[in-house]
Each structure stands twice: as structure tokens, then as C-alpha cells.
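Okay, so here's the structure we're looking at.
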Protein chains: 2
Amino acid sequence: MGKRPTLMDVAEAAGVSRALVSIVMRDAPGASEATRLKVQQAAKELGYRPDSRARLLRSSRTRLLGVSFSTSHPFHAEIVDAAYAGATVRGYDIALSAVANGRPESRAVESLLDLGCEALIMISPTLGEDELAGYAARLPVVSLLRDDVGESLDSVSSDDDAGIRIALEYLSSLGHQRIAHVDGGDAVSSPQRREAFRAGMAGRGLESRVIPGGATEEDGLRAGRELLEDLPTAVLAFNDRCALGIWESFRAAGLRVPEDVSVLGYDDSQFARLSYVQLSSVSQDAPLLARAAVDRAIDRLEGSTPPAHLVRTPHLVIRNTTGPAPK
Amino acid sequence: MGKRPTLMDVAEAAGVSRALVSIVMRDAPGASEATRLKVQQAAKELGYRPDSRARLLRSSRTRLLGVSFSTSHPFHAEIVDAAYAGATVRGYDIALSAVANGRPESRAVESLLDLGCEALIMISPTLGEDELAGYAARLPVVSLLRDDVGESLDSVSSDDDAGIRIALEYLSSLGHQRIAHVDGGDAVSSPQRREAFRAGMAGRGLESRVIPGGATEEDGLRAGRELLEDLPTAVLAFNDRCALGIWESFRAAGLRVPEDVSVLGYDDSQFARLSYVQLSSVSQDAPLLARAAVDRAIDRLEGSTPPAHLVRTPHLVIRNTTGPAPK
DNA sequence: TGGGCGTCTTAGATCGTTCTATAGACTGGC
DNA sequence: GCCAGTCTATAGAACGATCTAAGACGCCCA
């Protein structure tokens with residue numbers, strides 16, 4: 001296993017000094033076109049790649065954004081994907097750290113800090129406000145998909161109130177009056193959506209029925225069975241996976257969706273888009289949120305803007321699981 | 001944003017030298033119990049955390065394992081999870097790098113290299129043998145879930161031949177003779193499974209029917225529709241997601257599973273385990289494979305064992321989508 | 001011809017660690 | 001009372017990059 005070449009090696013090969021090679025490698029001003037070519041040539045021949053440990057250590061700016069995500073949430077992967085794209089465009093790099101089984105969020109974040117990240121993007125953080133504030137005192141922190149994080153952090157989230165309102169408006173316009181909400185249990189943003197649902201129904205003079213649910217198909221399945229006892233004409237689920245469970249429990253009971261009952265999801269995740277599912281859903285447009293979070297983090301870093309809470313309005317994606325209320 | 005404390009700060013606070021603090025922080029021998037306590041106390045008060053960039057740069061051993069995974073494959077997240085657990089047990093750390101949209105595998109790997117990883121674990125690598133060999137010449141590389149990677153890499157994979165054989169034995173024992181295989185298209189390990197299926201069927205004197213499929217529900221759905229034209233008594237799918245699509249197309253056609261036709265998946269992923277799905281499946285036991293890959297990487301690093309190709313035999317998980325062949 | 005200026009280049013300090021070599025203190029054996 | 005041996009502590013050189021300040025060089029103009 002041969003040692004990897006260093007700046008010094010390239011310098012010797014090209015017959016110049018270390019510093020000059022450094023200048024060329026980072027496209028900094030201070031080298032003539034001729035030497036630039038000569039150095040690049042030598043670097044390529046040696047297969048030189050700058051050692052990011054050394055680079056990160058020395059430079060004041062690491063241009064590194066830390067992203068924490070959860071392995072148990074497939075949705076997060078879509079966001080990570082978009083974050084990479086966004087960061088690259090603005091010349092930043094991304095360091096990932098997962099919160100996994102036996103690896104709490106605090107550990108994930110600490111490791112990003114130790115790596116020299118300049119800003120943090122936390123996807124659906126579960127830490128308490130004070131802990132988050134502790135981190136935010138050291139560097140810009142952007143909370144993605146959760147907005148009740150205090151004034152010292154940025155947040156980029158989707159307007160849950162608006163999302164639920166849009167959903168209810170749509171269902172109302174289809175003639176639905178007996179609408180049930182299966183909530184997200186103790187999932188992040190479940191309380192907001194639940195309250196928005198209650199408020200929206202109250203505003204229409206309708207009775208709000210909330211069934212305890214959760215973030216997974218299992219939870220939806222359980223809630224769906226409960227709904228069967230007194231079937232509403234439409235169900236608004238906490239998220240798509242939950243909606244899928246609900247849908248399934250209806251199918252198992254021989255009910256047709258949407259003829260007998262409409263089911264509306266939330267997230268517009270890949271599950272909703274599956275051709276045989278074709279779930280109507282409230283879309284938060286995660287890639288767009290991810291881009292916004294990245295931009296927010298970088299803006300905080302480069303300008304001196306104060307933390308802000310960015311809220312985007314979700315929109316409805318109508319597919320095949322919603323229809324007019326049955327007579 | 002105050003500067004974070006360094007070794008030097010702790011040393012001054014504790015009234016000892018830098019080197020001694022370093023010794024204490026690494027739990028290395030060479031410090032008395034008394035000073036150890038004193039230093040630890042000072043470090044805690046200052047909120048000191050070692051800077052991993054500097055640590056990684058200086059130390060010959062970084063104890064870092066690089067893991068590359070794909071954001072578009074939910075299955076990979078389960079593996080990452082298990083890898084973290086495995087690495088922690090053996091005192092190693094993990095650096096993640098995702099291959100995402102617009103971020104090819106080579107880039108993911110390079111960035112892990114630049115970070116100073118001592119070994120690489122690549123989940124279902126898609127690079128060519130020669131490129132992989134190029135990396136393997138520099139450090140131990142373990143390919144996870146793919147075994148045709150040449151002699152210079154390690155691989156930890158599941159025995160596809162055995163998996164298919166077990167599946168066919170099981171289906172045979174249930175009286176199935178008209179068995180179809182929906183393959184994985186151009187997915188990794190699709191060819192192996194397809195050939196194993198052909199061989200197994202030939203060995204039983206049965207006609208093998210292979211339908212082009214893929215790795216997603218969509219692919220399964222398409223293949224399922226094709227199967228409807230001449231329904232077999234059992235279908236062996238490339239993976240669970242594909243099986244789900246097949247199952248769905250059968251349901252849509254009013255067929256009962258498993259009474260009219262059995263469906264068998266592959267992977268035993270979280271999708272198969274969903275209570276309303278209860279898909280019978282060939283389990284590769286991914287967490288176990290992940291652990292094995294981590295162990296393999298570390299063993300290569302610590303001992304001087306040559307690369308090996310570890311193959312684990314999958315096992316069958318029988319749930320509700322398989323049953324006796326209809327008369 | 002020599003001083004001033006801008007461009008190209010370089011030496012050397014620096015980032016925060018780990019590591020090697022060595023100094024000092026203390027013990028025990030002869 | 002001295003040397004060997006162990007243990008604790010320290011100084012100083014790495015690691016591989018970036019950054020600052022200053023040197024070398026060419027060119028123009030007086």
C-alpha cells in the first residue's frame with residue numbers, strides 16, 4: 001500500500017515550491033498560466049488528491065455542511081439527495097452523520113462538529129429546544145421539517161396549518177362532511193397537524209374526529225380498523241405510510257377507495273407515487289425544502305443575517321384515492 | 001462564536017503539558033491516576049472535545065471505516081444502521097458517503113479516501129472490476145451484497161444459488177410445478193438469481209419461465225400483468241418490492257394470494273414484514289451481513305489475512321403469501 | 001543606471017493533534 | 001552509594017495542507 005502523494009511530491013515533480021502547488025490546486029490567484037498547466041500536469045500524473053483532513057484543519061473556512069439524518073426514515077434519504085445537489089452548486093461539501101439504532105442524535109451532531117462543519121442541517125431533529133440552542137450558539141443550525149425550535153436556530157419547514165387547511169378545503173369541495181384524522185402519535189409535527197385539523201373542522205362547524213395513529217403502515221392499519229366501526233366519508237392521514245395502512249385496512253374490509261371512502265396522505269413520498277397506489281397527498285416538496293435549508297445555512301454563514309423561520313406552503317397532489325363523498 | 005478549546009487550553013488550565021493531556025484523552029498509558037483525574041476535570045469544565053481533523057491527520061491509525069451507500073435504496077439504510085453498531089463494538093468509527101443523484105459512486109468513494117478512511121465498505125457497488133481493484137490496491141475494500149468483484153477485494157454476500165434453491169425446494173414441496181421467475185433486470189445480482197432459477201428448474205425437469213422485471217414495485221406490477229395471460233401457480237420475485245408489485249397486479253385482477261397463486265419475495269426487507277403484507281421471502285439477513293462486512297474490514301486491517309469472499313446462506317421466512325399449489 | 005512597481009515565487013509559521021525521544025524522580029538490589 | 005529499571009512528565013518534531021510576509025524578477029521611466 002504505497003503512500004499517497006502529497007503537495008511536496010507534486011512540487012518536486014513539477015520543480016516548484018509547495019505553496020505554489022497549493023495555489024494552483026485551489027485555483028487561487030498568484031500563478032502564471034504556464035506554471036498552472038505544468039503543476040496540474042504533474043498532479044495528474046502522480047494521481048494527487050488533496051488530503052481533506054489537512055485542508056480542513058488548516059483553512060479557516062472548511063466549506064463543510066453537516067447533515068444529520070435518520071436511517072429509519074426513508075424520507076430522509078430523498079432530502080439528503082437534494083441537499084448534496086444544493087451544496088455542490090454553491091461550492092460546499094456535505095458531511096453526513098446518521099442517527100441509528102444505539103446512536104443518538106447528540107452523538108451524530110457531535111461527530112459533525114468534530115469534523116469541522118461550519119453549519120448544521122438537522123432533518124426532523126428530536127432534541128430539546130435548549131440542547132439545540134446550545135449548538136446554535138456555536139454555529140448556524142437549520143432545522144428541517146420542524147419549526148418549534150426556538151429563536152436561535154433557523155428552520156425550514158412546511159406550513160402544516162396551510163397543508164391541513166388545503167386538504168380540508170379540497171375534501172369539503174367534494175362534499176365530505178364526516179372527515180376523520182389519523183394523527184402521527186408522538187411523531188414530530190403531529191401535534192400541529194392535529195390542532196390544525198381540529199381548528200379547520202371547527203371553522204366549518206363540523207365535528208372533528210381524531211384517531212391515534214403513528215408514522216408507519218402498522219399504525220395506519222390499526223387506526224383503519226378502528227375507523228371501520230363508524231366509517232367516515234374521508235380520512236386525512238398523518239403521512240403517506242400511515243395512509244397506506246388505512247387504505248389497506250379498508251381494502252381488507254371490502255371497501256372501495258375512493259367510492260366508499262376517500263383517503264388523503266401527507267408528504268407525497270415515493271410510496272404515494274407508486275403506480276398501483278396513486279395516493280392523493282399533501283406535498284411538502286422535500287427536495288425544495290432541502291435546497292432551501294442548504295441555502296439558508298450558507299446565507300447565515302456568508303452574510304450576517306439573523307436566524308429565520310422559513311415556511312413554505314405545501315400543495316395538493318390529487319391522484320386516485322380521493323373522490324366525491326358517497327350519498 | 002467563541003473558539004473551541006484545544007489541548008493547549010486544557011493543558012494550561014490543568015497546569016500540565018499538552019502531551020500529557022493528549023495521553024489522558026486517549027486513555028494511553030503514561031499518566032498517574034491523580035493527574036488523569038485533574039486533566040479530565042479541566043477538560044470537562046472547558047467543554048473540550050478533540051478535533052477529529054487534527055487527530056485524523058496526525059495519527060497513523062484513524063480507526064475510520066468508510067461506508068458508501070445509495071440514497072435511492074431504502075434497504076441500504078438498514079445496513080448502515082447495523083454497520084454503525086458493529087463498528088462501535090470494535091472501537092472504530094464510520095464515515096458515510098452517499099451516492100446520490102448527480103453524485104456518482106466514484107465521487108463518494110474518493111471523498112471517503114480523502115477523509116482518511118482505513119478501509120472501505122461499499123454496499124452493492126456498481127463500479128467496474130478494474131476500478132474497484134484500483135481502490136483495493138490502496139486499502140482494504142469490502143463489497144457488500146455483490147461478489148463478482150475480483151480477487152483483490154473482499155466480499156460479503158449472500159449465496160444467491162442457495163437462496164433460489166431453497167425457494168424452489170420449498171415451492172416444490174408445496175406441489176408447485178409451474179413456477180415463474182420475475183428477474184431484476186439490470187440490478188446487481190439479478191443474473192445470478194436468474195441463472196440459479198434456470199438451473200434449479202432444469203434439475204427438476206421443469207420448464208423455466210423468466211419474465212423481465214426490475215427492483216421496484218413498478219417493475220413487479222408490469223411483470224405481474226404479463227403473468228396474468230398465462231398464470232403460473234407460483235412466482236419467485238427478484239426482491240420484495242418487485243414481489244409487492246406482482247402481488248398487487250394479482251389482487252387487482254381479483255386473484256387470491258396464496259390460494260390461486262403463491263408469491264415469494266427476496267430480501268425480507270421491512271416491506272415484507274409489514275403486517276398487512278406478510279410476504280414470504282428469502283432472507284439475506286442484512287444486519288448480519290453488515291456486521292460481517294465490518295468485521296471483515298477490520299480483520300483485514302489488523303491481521304494480514306488475504307481478501308476473502310464470504311458467502312452466507314440465506315434462509316426462508318414463510319409468511320402468508322405462499323401456500324399449496326392449486327389443483 | 002538605478003529606483004519603483006507589479007507579478008511570480010518561496011520560506012516559514014500555523015492549524016490541533018499524536019508520537020518519539022529524553023529528562024527527571026523514585027525504587028530496589030548489591 | 002551507585003547503577004539499573006520503572007514510572008511520570010515534557011519538549012519538539014511530525015502530519016499535510018493554507019496563509020502571510022517577504023524575496024526574486026522583469027519592466028518602465030526618469
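Here is how names work: the chains are called A, B, and so on, in the same order as the sequence lines, proteins then strands, and each is numbered from 1.
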note = note: A:Asp51, atom CG; C:dC15, atom C1'; distance rounded to Å ~ 13 Å

query = How about B:Arg61 and B:Tyr92: does a side-chain donor come under 3.5 Å of a side-chain acceptor?
reply = yes

key: Ring geometry between A:His73 and A:His76 (parallel below 30°, tilted from 30 to 60°, perpendicular above 60°)   = parallel

message = Do B:Arg26 and B:Ser22 pair up side chain to side chain, a donor and an acceptor below 3.5 Å, judged on atom types alone?
response = yes

key: Interatomic distance where CZ belongs to B:Arg63 and C1' belongs to C:dT17 [whole Å]   = 17 Å

ask   = Bend across the helix from C:dT1-D:dA30 to C:dC30-D:dG1, to 10°, with axes taken over 5 pairs at each end?
value = 70°

task = For residues 67-94 of chain A, pull every pair meeting salt bridge (Lys or Arg N to Asp or Glu O under 4.0 Å), keeping only residues two or more places apart or in separate chains.
result = A:Glu78-A:Arg273, A:Arg90-A:Asp295, A:Arg90-A:Asp299, A:Arg90-A:Glu302

message = Nearest whole Å is fine: how far is C:dT18 P from A:Leu57 CG?
response = 12 Å

key: Length of the line joining A:Leu7:CG and C:dG12:C1', which is rounded to integer Å   = 15 Å

remark   = Partner of B:Gln41 under side chain to side chain donor-acceptor pair (under 3.5 Å), picked from B:Lys38, B:Lys44, B:Glu45, is B:Glu45

ask   = Quick one, which residues of residues 29-48 of chain A touch DNA chain D with a heavy atom under 4.0 Å?
value = A:Tyr48

query = Any chance the side chains of B:Arg36 and B:Ser32 put a donor and an acceptor closer than 3.5 Å?
reply = no

message = What range of DNA chain D does chain B touch, first nucleotide to last, counting atoms under 4.0 Å from its heavy atoms?
response = D:dT8 to D:dG16

ask   = For the base of C:dT17, is there a side-chain donor-acceptor partner from B:Arg58 under 3.5 Å away?
value = no

key: A:Ser70 versus A:Ser72, side-chain donor and acceptor atoms under 3.5 Å   = yes

task = For residues B:Arg300 and B:Thr305, report the shortest heavy-atom separation together with the two atoms involved.
result = CD-O, 3.2 Å

Hey, what are the protein-to-nucleotides 4-6 of chain C N/O distances that come in under 3.5 Å?
none

query = Cut-off 3.5 Å, side chains only: do B:Tyr135 and B:Glu110 have a donor facing an acceptor?
reply = yes

request  = Flag yes if more than 12 heavy atoms outside B:Asn101 fall under 6.0 Å of its CG atom; otherwise flag no.
outcome  = no

ask   = Between C:dG16 atom P and A:Leu113 atom CG, what is the distance in whole Å?
value = 15 Å

ask   = Looking just at side-chain N and O atoms, do B:Ser68 and B:Ser97 make a donor-acceptor pair shorter than 3.5 Å?
value = no

Separation of C:dT18 P from B:Met25 CE (nearest whole Å) = 9 Å

task = Specify the closest pair of heavy atoms between A:Asp147 and A:Ser157, including all atoms of both residues, with the distance to one decimal.
result = CB-OG, 3.4 Å

query = Side chain of B:Ser111, backbone of B:Ala108: donor and acceptor closer than 3.5 Å?
reply = yes

task = Count the heavy atoms belonging to other residues, nucleotides or ligands that lie under 6.0 Å from CZ of A:Arg63, then report whether that count exceeds 12.
result = yes

key: Any donor-acceptor pair under 3.5 Å from B:Thr88 side chain to B:Tyr84 backbone   = yes

request  = Scan residues 9-23 of chain A against DNA chain C and write down, sorted by residue number, each residue with any heavy atom closer than 4.0 Å; if none is found, say none.
outcome  = A:Val16, A:Ser17, A:Arg18, A:Ala19, A:Leu20

inquiry  = For A:Thr62 versus A:Gly116, what's the shortest heavy-atom pair and its separation?
reply    = OG1-O, 2.8 Å

